[in-house]
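Residue numbers start from 1 in every chain, and the chains themselves are labelled A, B, ... in the order their sequence lines are given, proteins ahead of strands.
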Amino acid sequence: MGAETDSNMLMKKKLAKILKDTLDLCFRKGFLKQMPIPEFVVEVPNNPDHGHFATNVPMTLAGEQKSSPRNIAEIIIRHLVDHDHFILKAGIGGTGFINFFIAPGQWYDLLSHIINLRDDYGRSSIGRGEKIMVEFVSANPTGPLHLGHGRGAALGDTLCRVLDFSGYDVKREFYINDAGHQIKMLGESIYSRWKQFPDPSYPFPLDGYQGDYIQELAVEIAKETQLESLAPHEAIDLLSELGKDKILKEIKEDLANFGVTFDLWYKESDLYSSGKIDRAIKLIEKRGMLFEKDGASWIRTSLFGDDKDRVVRKKDGEFTYFASDISYHLDKWKRGFKRVINIWGADHHGYITRVKAALEAEGIQQDWLEVLLIQLVKLWERGAEVRMSKRSGRYVTLKELVDQVGVDAVRFVFLSKDHTSPLDFHIDLVKRKDSENPVYYVQYAHARVCSVFKKAARENIHLPEEPDSILLRLVLDEEIDLIRKMAEFPSLIEEIAGDLGPHRLTYYLTELAGSFHRYYNRHRIVSDDRTLSQARLFLSLGIKILIKNGLSLLGVSAPEVM
RNA sequence: GCGCCUGUAGCUCAGCUGGAUAGAGCAGCGGACUUCUAAUCCGCAGGUCGCAGGUUCGAAUCCUGCCAGGCGUACCA
């Protein structure tokens, strides 16, 4: 697979190679002064007059060469090392860019290649089977998933899909905080609601969970069990356990319904029962990073960038949440992951330095862990912000949103913004199943291609296995431009696997769909000219393949009919 | 106080890690269906890239300092 992708994906890389070879030649023959080759870029210019690709090489050389960029550009163009006639023509632009037009045959080869690879176009092996873990959502099992969780779920899931597509050995994990205070509080909240059915004056815990779902759980569990026969503390324990299980089950269902699954649901409570926390603390101690103060045990995170040292075991003998977190990450490390990505809500950012410092205290490099912070999701309805607060239990759940708007639209909108910026979700806009909704724009292009193929079948036009010379009929600039856009896909995926910013994929697909819509409106695909029809059908097939591949990485469906 | 994130068109956001005349969608105005699906397309209008300096051939992008908003700074989880 690697070799196949290499053979083409890298139009840009091919050009970069040609440029390097050319510079070497110029150095050897003395056309240019010998020097190390500086960093340069090969990019797609936004102005089509500037060619299929452009490079800034001359400008990066200018200083050292003591010559003008345009001069250097001229020398490079004159001596281009292009044995395969990859380049149709090259010219000088602006203050010293070199603009390249690629020979049409290269584009036809590329399109053939895409059609051969189908669902595998864009797949690569750059991850080299490296073990990588993405931990995401990890919502507390004390209440339903809200919109922020949804955003994290969409991001994490899509990253996993992209990383998997890029040849990593990806594991997806959900960490369940099922130990400690909050679960007890869940039980107490349910208990109190249950007691309130006959006696409304029964007190509710100060920091209890307020949502309506607590009452519902109380009703449900009361039906299934004999709460009356238990002592209060037994009842509360039971309610904690059953409440947690039920909520977790719902979380799993909501996520599955959202297209998100996990390889492992890792329980915090297992860290306790297996003795892993104890061992983690012992390791800290063995490394001399533990000390006692005021009756508590502390870890020296301040040695590694943290503002202060942190408590891992409280005065009362209980471990802190931080202790289990350290233990959990140590466990990830021991399981052999080379790269670990955590997706957290932005309100946890204060936690990052602390965890990384703790890991370093145990001898693990800080950059082993990458933390992506998801900024807030604000919901707007009828022009006003829908205020949400977990405390009051008034918030819109992921399930409610998905039920109203649909999985595809929710995922697409969540994924179309960089996770570092806050996101305003306008529900009225996304609810509309019309052109205002960006996801339909992309999906429609896919459905449109399918429709064109039906039309072709009615006209009895079919495609041969291999396009061969048929593609020579694709002579319009727009047609070459469509193929060029398709060529960008593999390198885009590669970049996303590196910078973990999948929102660029949504923009790419919107652009690709737009180019196709424009093309469709200006030119007939199925016409009396049989060969030309076939050529354009091949082109359309390429578009279909790309949109389907791209959407599937986003976890969005590609309908054949709309 | 300190730390993190954000500030780009009326609104929501991109801007490919420093490149050519800063882009898209929505909202506004005006056009295109006897045609392969009009969930589409074409045109017009819309900008002090928060502000001020600096770095260099070149800055929305990098560095510094301000301003504004959000979040965080526990022996809570």
Side-chain angles (χ1 to χ4, degrees), chain A residues 39 41 43-47 49-50 54-56 59-60 62-63 68-69 93-97 99 140 142 177 179-183 185 207 268 293-298 307-308 310-316 318 320-322 324-325 345-353 373 375-376 378 380 413 416-426 429 432-441 443-445 447-456 458-459 488 491-492 495 499 501 503-504 506-508 510-511 513-514 516-522 524-527 533 536-537 540 561-562:
Chain A
E39 288 278 313
V41 293
E43 60 183 2
V44 178
N46 26 32
N47 184 341
D49 295 340
H50 296 152
T55 183
N56 63 347
M59 285 176 277
T60 63
S68 81
T95 49
F97 290 94
N99 300 322
N140 291 341
T142 54
N177 293 123
H181 177 73
Q182 55 188 346
I183 296 299
M185 185 55 72
D207 294 316
E268 183 187 6
K293 194 180 95 183
D294 304 334
S297 307
W298 301 66
D307 295 336
K308 49 177 285 200
R310 305 287 171 174
V311 171
V312 290
R313 193 199 292 268
K314 294 183 270 183
K315 205 160 27 181
D316 63 10
E318 297 276 315
T320 58
Y321 174 82
F322 187 45
S324 50
D325 230 17
D347 51 339
H348 287 77
H349 74 78
Y351 217 66
I352 298 176
T353 33
L373 293 176
Q375 292 294 325
L376 214 71
K378 265 196 229 167
W380 294 72
V413 172
S416 62
K417 271 90 196 179
D418 181 5
H419 64 265
T420 57
S421 12
L423 186 152
D424 286 355
F425 198 106
H426 290 255
L429 213 139
R432 292 168 63 169
K433 301 210 181 236
D434 61 18
S435 56
E436 289 181 27
N437 195 325
V439 69
Y440 298 112
Y441 187 80
Q443 289 180 318
Y444 185 55
R448 208 167 215 184
V449 173
C450 294
S451 171
V452 171
F453 270 88
K454 276 178 215 144
K455 164 75 175 176
R458 284 198 297 276
E459 306 282 323
E488 289 175 40
S491 45
L492 178 66
E495 283 167 30
D499 68 19
H503 65 284
R504 283 168 52 201
T506 66
Y507 286 90
Y508 170 79
T510 306
E511 249 175 61
F516 178 72
H517 285 314
R518 267 188 296 284
Y519 176 69
Y520 175 94
N521 270 278
R522 285 178 67 151
R524 267 200 86 75
I525 293 167
V526 178
S527 67
S533 300
R536 290 181 170 176
L537 283 168
S540 307
V561 182
M562 286 175 75

Residue-phosphate contact under 4.0 Å: A/Y441 side-chain N/O, B/C41 OP1/OP2: yes
Considering every strand shown, what is the Watson-Crick or G-U wobble mate of B/G10 when both distances are under 3.5 Å? B/C26
Can B/U61 be described as syn, meaning its chi torsion is within 90° of 0, or is it anti? anti
Using a 4.0 Å heavy-atom cut-off across all strands, classify A/A62 as base, sugar-phosphate, or nothing. nothing
Could you check whether any side-chain N or O of A/D316 sits under 3.5 Å from a backbone N or O of A/E318, counting only pairs where one atom can act as donor and the other as acceptor? yes
Checking B/A20, B/C41, B/G3 against the side chain of A/A54 (C-beta onward), the nearest is B/A20
If you check every side-chain atom of A/Y321, which of B/A39, B/A77, B/C75 has the closest atom? B/A77
Roughly how far, to the nearest 0.5 Å, is the CG atom of A/N140 from the CD1 atom of A/I183? 7.0 Å
Hey, does A/D424 reach any base, or is it just sugar-phosphate, or nothing, if we go heavy atoms under 4.0 Å? sugar-phosphate
Considering every strand and a 4.0 Å limit on heavy-atom distances, what is the contact class for A/N99: base, sugar-phosphate, or nothing? base
When we call it a touch if two heavy atoms are under 4.0 Å apart, what does A/Y520 touch: a base, just sugar-phosphate, or nothing? base
Among the candidates B/A74, B/C36, B/A14, find the nucleotide nearest to the side-chain atoms of A/R310. B/A74
May I ask you to verify if any side-chain N or O of A/K308 is less than 4.0 angstrom from the OP1 or OP2 atom of B/C75? yes
Answer yes or no: is there a donor N or O on one side and an acceptor on the other, between the side chain of A/S416 and the main chain of A/T506, under 3.5 Å? no
Phosphate-side-chain proximity, A/R518 and B/C42, N/O vs OP1/OP2 below 4.0 Å: yes
Residue A/R504, side-chain atoms from C-beta onward, closest of B/G15, B/U6, B/C75: B/G15
Over all strands shown, is A/Y351 touching base, sugar-phosphate only, or nothing at heavy-atom distances under 4.0 angstrom? base
Any idea which of B/C75, B/C36, B/C41 is nearest the A/H517 side chain? B/C41
With respect to the side chain of A/N521, which nucleotide from B/A77, B/C41, B/C13 is positioned closest? B/C41
B/U73 -> Watson-Crick or G-U wobble partner, both distances under 3.5 Å, gives B/G1
Checking all strands, does A/V561 fall into the base, sugar-phosphate, or nothing category for heavy-atom contacts under 4.0 angstrom? base
Please report, rounded to the nearest Å, how far the P atom of B/A14 is from the NE2 atom of A/H503. 6 Å
Between the side chain of A/S527 and the main-chain N/O of A/S533, is any donor-acceptor distance below 3.5 Å? no
Donor-acceptor contact below 3.5 Å, side chain A/H50 vs main chain A/G94: no
A/E268 CD to B/A77 P: how many Å, rounded? 9 Å
Under 4.0 angstrom, heavy atoms only, what part of the nucleic acid is A/L423 near: base, sugar-phosphate, or nothing? sugar-phosphate
Name the nucleic acid region contacted by A/K378, choosing base, sugar-phosphate or nothing; use a 4.0 angstrom heavy-atom cut-off, strictly under. nothing
Which nucleotide in the set B/U17, B/A77, B/A39 lies at the smallest distance from any side-chain heavy atom of A/Y440? B/A39
Mind telling me if B/C33 is syn or anti? Syn here is a glycosidic angle within 90° of 0. syn
Report yes if a side-chain nitrogen or oxygen of A/T353 is closer than 4.0 Å to either non-bridging phosphate oxygen (OP1 or OP2) of B/G72; otherwise report no. no
What is the base-pairing partner of B/A39, counting Watson-Crick and G-U wobble geometry with both distances under 3.5 Å? none
Can you identify which nucleotide, out of B/A77, B/C36, B/G72, has its nearest atom closest to the A/V526 side chain? B/C36
Nearest to the A/D347 side chain among B/C13, B/G72, B/G19, which nucleotide is it? B/G72
Contacts of A/R313 and A/T95 projected onto RNA chain B by closest heavy atom; the upstream (5') one is A/T95
Compute the ring centroids of A/H181 and A/Y321, then answer whether they are less than 6.0 Å apart. no
A/A447 near the nucleic acid: base, sugar-phosphate alone, or nothing, with a heavy-atom cut-off under 4.0 Å? base
Any donor-acceptor N/O pair under 3.5 Å between B/A77 base and A/D207 side chain: no
Just name whichever nucleotide pairs with B/C66, Watson-Crick or G-U, keeping both distances under 3.5 Å, else none. B/G50
Under 4.0 Å between any heavy atoms, over every strand shown, what does A/H50 touch: base, sugar-phosphate, or nothing? Just pick one. base
Looking at A/T420, does any N or O in its side chain come under 4.0 Å of the phosphate oxygens OP1/OP2 on B/U6? yes
Can you give me the closest heavy-atom contact between A/A445 and A/F516, atom names plus distance? O-CE2, 4.0 Å
Using a heavy-atom cut-off of 4.0 Å across all strands, would you classify A/G94 as base, sugar-phosphate, or nothing? base
Quick one about A/S324 and A/E268 (side-chain donor to acceptor, distance below 3.5 Å, no hydrogens or angles considered), yes or no? yes
Regarding A/K315, tell me which of base, sugar-phosphate or nothing describes its non-hydrogen contacts under 4.0 Å with the strands shown. base
Under the criteria of a ring-centre distance below 5.5 Å and an interplanar angle below 30°, is A/F97 stacked with the base of B/A20? yes
Proximal nucleotide (of B/C36, B/G19, B/C13) relative to the A/V452 side chain: B/C36
Does the structure show a Watson-Crick or G-U wobble partner for B/C57, both distances under 3.5 Å? Name it, or say none. B/G19
Comparing A/G514 with A/H419, nearest RNA chain B nucleotide closer to 5' gives the residue A/H419
Whole-Å distance between B/G58 P and A/N56 CG? 15 Å
Please report the distance, rounded to the nearest Å, between CD in A/E495 and C1' in B/A14. 15 Å
Exam field: side chain A/N56 to backbone A/V41, donor-acceptor pair closer than 3.5 Å: yes
Nucleotide B/C75, atom P - distance to CG of A/D316 in whole Å: 12 Å
Interatomic distance where CG belongs to A/D418 and C1' belongs to B/U8 [whole Å]: 14 Å
A/H349 has an atom NE2; how far is it from atom C1' of B/G72, in whole Å? 3 Å
Whole-Å gap separating C1' (B/C36) and CZ (A/R448): 9 Å
